[in-house]
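Some notes on the structure that comes next.
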Amino acid sequence: MKTTPYEINVEKTVDGMDSLKIVLLADTHFGYSMGTAQAKRIVKKINAENPDVVCIAGDIFDNEYDAISKPDELKEILKGIKSKYGVYACWGNHDLNEPILAGFTFNGTEDNYNDPRMEEFLTDAGIHLLDDEAVLIDNKFYIVGRRDASRCEKVEGSRATPSQLTESLDQNKPIIFIDHQPKELDETAAAGVDLDLCGHTHDGQIFPGNLIIHLFWENSCGYLRKGTMHNIVTSGAGIWGPNMRVGTNSEICPITVHFNN
């Protein structure tokens, strides 16, 4: 697993804060292939960055909660994440119970459902779930967690638009979105978002997927600027489907956000 750092500038003033250190994490896919050993590596790398806040951009689970062999041990490992302001997460498209065959899911079945144990797991692990909602951190900056577009189609029905999520926020303060899939980038930028954090793509995960994934996403992995908004998409810390990566890397992304002080 590698560490991929970013530095960005947000043209806003934050009282008493020149910069903010975020660690972006996504696509752990705890369950069939990912477990306690990978969690220990992830936590060690996050804590080495001494972050102010940790943002998890979905796909924490790999569809079936019962696929986690040691859930209590895994919770305790994740509770070891150290950050000044805490750990915040949004759901991804795999964070629900969904039938799997040979590592792959099937859309449109009647067996898809929210497993309450997933949300209980996050609570027990000290991870704050943001489900189409915003939180103001220390009266300095906002973190907004979006519902996942695909997950909504399967179990939730709809999600708020970016402008609906920001309309009641103080636009003079930095606004950070966590959205599992890098969709609606123009709408998100127009809503006044400063930093949009995503995952989902795995950067293609397996060659030659990493060469063609950019055909499907405006930003399939890495950094993109849209007006004044910064979009960062991580290749993810885990794997989905085949238990391998070829030509891509698992990663965490430390992001240093500089302000106008």
Side-chain angles (χ1 to χ4, degrees), residues 1-11 19-29 34 38 41-42 45-46 48-49 51-60 88-90 92-94 141 143-146 148-150 162 174-242 244-259:
M1 178 182 292
K2 65 182 290 190
T3 299
T4 305
Y6 296 89
E7 290 204 26
I8 64 171
N9 294 300
V10 169
E11 302 299 319
S19 64
L20 178 71
K21 181 73 168 290
I22 303 168
V23 169
L24 168 62
L25 171 70
D27 302 288
T28 52
H29 287 274
M34 300 290 103
Q38 182 73 343
R41 287 190 285 268
I42 290 169
K45 281 193 169 289
I46 290 174
E49 297 298 324
D52 293 310
V53 66
V54 176
C55 294
I56 306 178
D59 277 5
I60 300 156
Y88 295 85
C90 67
N93 58 301
H94 287 278
F141 62 94
I143 297 180
V144 183
R146 296 199 72 187
D148 176 67
S150 299
I175 300 173
I176 300 163
F177 263 34
I178 318 172
D179 190 2
H180 177 58
Q181 301 182 48
K183 291 186 171 186
E184 299 178 347
L185 301 186
D186 288 312
E187 295 88 341
T188 303
V193 174
D194 298 293
L195 175 60
D196 185 34
L197 303 175
C198 307
H200 182 67
T201 69
H202 294 225
D203 193 23
Q205 187 167 312
I206 297 172
F207 176 88
N210 57 315
L211 301 181
I212 63 174
I213 190 72
H214 69 278
L215 299 175
F216 303 96
W217 302 95
E218 185 176 6
N219 183 19
S220 61
C221 191
Y223 174 83
L224 176 71
R225 181 155 185 165
K226 301 283 291 187
T228 60
M229 186 187 81
H230 308 270
N231 172 243
I232 294 174
V233 181
T234 175
S235 67
I239 53 175
W240 171 76
M244 66 180 74
R245 277 186 181 265
V246 179
T248 64
N249 294 293
S250 296
E251 67 178 8
I252 65 164
C253 297
I255 304 161
T256 304
V257 185
H258 299 281
F259 301 118

If every non-hydrogen atom of C198 is compared with every non-hydrogen atom of D196, which pair is closest and at what distance? SG-OD2, 3.6 Å
Can you measure from CG (L224) to CE (M229) and round to the nearest 0.5 angstrom? 7.0 Å
If you round to the nearest 0.5 Å, how far is CG of L25 from CD1 of I46? 5.0 Å
Interatomic distance, I232 atom CD1 to C221 atom SG [nearest 0.5 angstrom]: 10.5 Å
Measure up the Y223 and H230 rings against each other and bin them: parallel (under 30°), tilted (30 to 60°), perpendicular (over 60°). tilted
What heavy-atom pair brings K2 and T4 nearest, and what distance separates the two atoms? CE-OG1, 3.4 Å
Going from CD on E218 to CG on D186, what distance comes out if it is rounded to the nearest 0.5 angstrom? 6.0 Å
Rounded to the nearest 0.5 Å, the CD1 atom of I42 sits from the CE atom of M1 at a distance of 4.0 Å
Excluding sequence neighbours, so at least two apart, what forms salt bridge (charged side-chain N to carboxylate O under 4.0 Å, His left out) with K45? none
Looking at A26, is its backbone amide N or carbonyl O close enough to the side chain of T234 to form a donor-acceptor pair, meaning the two atoms are under 3.5 Å apart? no
For I60 against C90, the heavy-atom pair lying closest together: CD1-O, 4.2 Å
Output the distance between atom CD1 (I8) and atom CG (L195), rounded to the nearest 0.5 Å. 4.5 Å
Shortest non-hydrogen separation from P174 to F259 and the atoms involved: CG-CE2, 3.5 Å
Quick check: do I176 and L20 have side-chain heavy atoms less than 4.5 Å from each other? yes
Could you pull out all residues at least two apart from F177 that satisfy ring pair (Phe, Tyr, Trp, His ring centres under 6.0 Å)? none
Any donor and acceptor pair, going by atom type alone, linking the side chain of D194 with main-chain N or O of T228 inside 3.5 Å? no
If only atom types and distance count, is the side chain of Q181 paired as donor or acceptor with the main-chain N or O of H200 below 3.5 Å? no
Decide yes or no for P254 and K21: does some side-chain heavy atom of the first lie under 4.5 Å from some side-chain heavy atom of the second? yes
Of all heavy-atom pairs linking I178 and Y88, the shortest is CD1-O, 3.9 Å
For the student: nearest non-hydrogen atoms of P182 and G199, plus distance: CD-O, 3.6 Å
Under 3.5 Å: donor-acceptor pair, side chain of R146, backbone of D148: no
Min side-chain heavy-atom separation I22-L197 under 4.5 Å: yes
Kindly indicate, with the supporting measurements, whether the criterion side-chain contact (heavy atoms from CB on, under 4.5 Å) is fulfilled by K183 and T188. CA-CA 9 Å; K183 291 186 171 186; T188 303; over 6 Å; no
Could you check whether any side-chain N or O of Q38 sits under 3.5 Å from a backbone N or O of A237, counting only pairs where one atom can act as donor and the other as acceptor? yes
